[in-house]
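Some notes on the structure that comes next.
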Amino acid sequence: MNTAREYDLIVVGAGLTGCTIARLAADSGLRCLMLERRRSIGGNCRDEVREGINVHLYGPHIFHTSSEDVWRFVNRFASFNDFVYHPLARYEGRLYTLPFNLTTFSQIYGHRSRQETEEFLARLPHSPAGCSLEQKAISMVGSEMYKILIKGYTEKQWGRPCRLLPAFIIERMTLRLDHDDNYFTDSYQGIPVEGYTAMMMRMTEGIEVRTSVEFLDNPGYWAKRARSVVYTGPADELCGYILGYLEYRSLYWRHYLHEVPVYQSTAVVNETSATVPYTRSIEHKHFSTYDLPLTIVSHEYPQRWQRGEDAYYPIADKRNISLYEKYVDLCRNRYPDIILAGRLGCYRYLDMDKAISEAMKLFNLILKKIRS
């Protein structure tokens, strides 16, 4: 192994992708340094205890996976409870079951049997190739369910009319012909008993971690100190936005203390009416067991991303994908030892288990390169 440089690997960003790669690097005997621009590690999974309640600061994070490798990995660093995700949707004061199942079709269309729902779905118009999200949604669940449960929520989430959004956004929507309201179908599901921040603190034990460090102030300096650098931030930011900005949706939250034992009947309620400015109401007590006379509820507000704000959801349309690919080429030329990774680095939405799984695969490639 070449020991000319101070580190074998520098990992930029201490979210799930960064922490996973750093842990695997340390386990493999590599000299690893983590850099994080925020004051604490954890990325958007970070949580903290407020008034005795563990609050998910950046929206609800329910870990779910069908990968035994991923499940074994995270259980090295946390014990998980048996939380099951049963969200509801609220429209004009009425609650509806999610994900869309026979109960939902009964609530909206009055269906009394699976056969009635199947016949209804068979009569819906087919969506043409290249159709909009609106056309695709109506072809999947009908115009009334689209109006009540999809249109307002989606337009708030993405800041655009559904008729102008691509269909692929809605194609991952869960639709069931039974009464199962467990949102996820994965083999394993739960939330770390002590929280995600504690889990990732354990993941990084024994690893040199520097917080409040802005890698982009001098990426060349850091790149010279390691054989490889994994960068989990946005590609356009790494290149100084020289080709223009990639588009994202951003989010912010308002947290409220309520002096009642329980505020709503489930952890997450999607607010699907366009007249309600936020998209989700999150009551954190439901994620674990608390015997407290008060509760904390967060409202989640989507907003247009602007430079200097946290980027959450990539707007992965043709224009942005094309621009991202140009940035990938530019990064390779400018920084041949920097590897783009994670949700922001790859400009893709990733569930937590997928972020860990892809980090594992990437690390195996990095290890071969370093040891060659």
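- Ring pair Phe73/Phe77: centre-to-centre distance below 6.0 Å.
- Contact of the Asp181 side chain with the Arg176 side chain is not registered, since no non-hydrogen atoms from C-beta on lie closer than 4.5 Å.
- Ile296 and Val269 are not part of a single hydrophobic cluster, where members link through side-chain heavy atoms under 4.5 Å apart.
- Looking only at side-chain heavy atoms (C-beta outward), Tyr188 and His64 stay at 4.5 Å or farther from each other.
- Here the OG1 atom belonging to Thr279 is positioned 9.5 Å from the CZ atom belonging to Arg249, to the nearest 0.5 angstrom.
- How far CZ of Arg280 is from OG1 of Thr272: 13.5 Å, rounded to the nearest 0.5 Å.
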How far apart are the C-alpha atoms of Tyr313 and Tyr349, what are their side-chain angles, what is the distance that settles it, and do they pass the ring pair (Phe, Tyr, Trp, His ring centres under 6.0 Å) test? CA-CA 6 Å; Tyr313 299 108; Tyr349 177 81; 5.7 Å; yes
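- Annotation: His299 is in aromatic contact with Tyr256 [ring centroid separation under 6.0 Å].
- Tyr327 contributes a side-chain N or O that, together with a main-chain N or O of Gly244, makes up a donor-acceptor pair within less than 3.5 Å.
- Leu33 has its side chain out of reach of Val11: every pair of non-hydrogen atoms, C-beta onward, lies at least 4.5 Å apart.
- Between the side chains of Gln189 and Asn182, at least one donor-acceptor pair of N or O atoms lies under 3.5 Å.
- Without hydrogens or angle criteria, Lys156 side chain to Glu271 main chain gives a donor-acceptor distance under 3.5 Å.
- Across all their heavy atoms, Lys151 and Cys162 have their closest contact at O-SG, 3.9 Å.
- The OH atom of Tyr196 sits 13.5 Å away from the SG atom of Cys19 when rounded to the nearest 0.5 Å.
- Using modelled atom types and a 3.5 Å distance limit, the side chains of Thr65 and Asp186 yield no donor-acceptor pair.
- Residues His286 and Thr266 bring no donor and acceptor atom of their side chains to less than 3.5 Å of each other.
- Aromatic ring pairs are classed by plane angle as parallel below 30°, tilted from 30° to 60° and perpendicular above 60°; the pair Tyr347 and Tyr248 is perpendicular.
- Using a 4.5 Å heavy-atom threshold, the side chains of Phe83 and Ser288 count as separate.
- Between Ser281 and Gln264, the side chains place a donor N or O and an acceptor N or O closer than 3.5 Å (distance only, hydrogens not considered).
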Run Phe105 and Phe100 through ring pair (Phe, Tyr, Trp, His ring centres under 6.0 Å) and show every step you take. CA-CA 7 Å; Phe105 281 97; Phe100 299 156; 7.4 Å; no
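- Between the Asn81 side chain and the Val193 main chain, no donor and acceptor come within less than 3.5 Å of each other.
- The closest side-chain donor-acceptor pair between His111 and Thr117 falls under 3.5 angstrom.
- Residues Phe80 and Ile191 are members of one and the same hydrophobic cluster, defined by side-chain heavy-atom contacts under 4.5 angstrom among Ile, Leu, Val, Met, Phe, Trp and Tyr.
- The side-chain tip of Arg38 points at the ring of Tyr58 from less than 6.0 angstrom away and within 45° of straight on.
- Looking only at distances, a side-chain donor or acceptor of Asn333 sits under 3.5 Å from a matching main-chain atom of Asp329.
- In terms of heavy atoms, Tyr263 sits closest to Glu283 at N-OE2, 2.8 Å.
- Interatomic distance, Cys239 SG to Arg334 CZ, rounded to the nearest 0.5 Å: 5.5 Å.
- Tyr312 and Trp253 have their aromatic ring centers within a separation under 6.0 angstrom.
- Rounding to the nearest 0.5 Å places CD1 of Ile170 at 5.0 Å from CG of Leu133.
- Checked by atom type, the side-chain pair Thr103/His179 shows a donor-acceptor distance below 3.5 Å.
- Hydrophobic clustering (ILVMFWY, side-chain heavy atoms < 4.5 Å, transitive): Ile169 and Leu350 are in distinct clusters.
- Nearest heavy-atom pair across Ala198 and Glu194 is CB-O, 3.6 Å.
- Contact of the Ser212 side chain with the Arg37 side chain is not registered, since no non-hydrogen atoms from C-beta on lie closer than 4.5 Å.
- Around atom CZ of Arg210, more than 12 heavy atoms belonging to other residues, nucleotides or ligands sit under 6.0 Å away.
- Side-chain contact between Val12 and Val230 is absent, with no heavy atoms from C-beta onward closer than 4.5 Å.
- Ring-plane geometry between Phe120 and Tyr109 is classed as tilted, the angle between the planes lying from 30 to 60 degrees on a 0 to 90 degree scale.
- Residues Trp305 and Leu246 approach most closely at CZ3-O, 3.9 Å, considering heavy atoms.
- Across all their heavy atoms, Tyr146 and Ala137 have their closest contact at CD1-CB, 3.6 Å.
- No cation-pi contact links Arg227 to Tyr7, judged by a cut-off of 6.0 Å to the six-membered ring centre and 45° from its axis.
- Under the 4.5 Å side-chain criterion, counting only non-hydrogen atoms from C-beta, Trp71 is in contact with Val74.
- Taken to the nearest 0.5 Å, the CG atom of Asn75 stands 10.0 Å off from the CZ atom of Arg72.
- Considering all non-hydrogen atoms of both residues, Pro192 and Met199 come closest at CG-SD, 4.1 Å.
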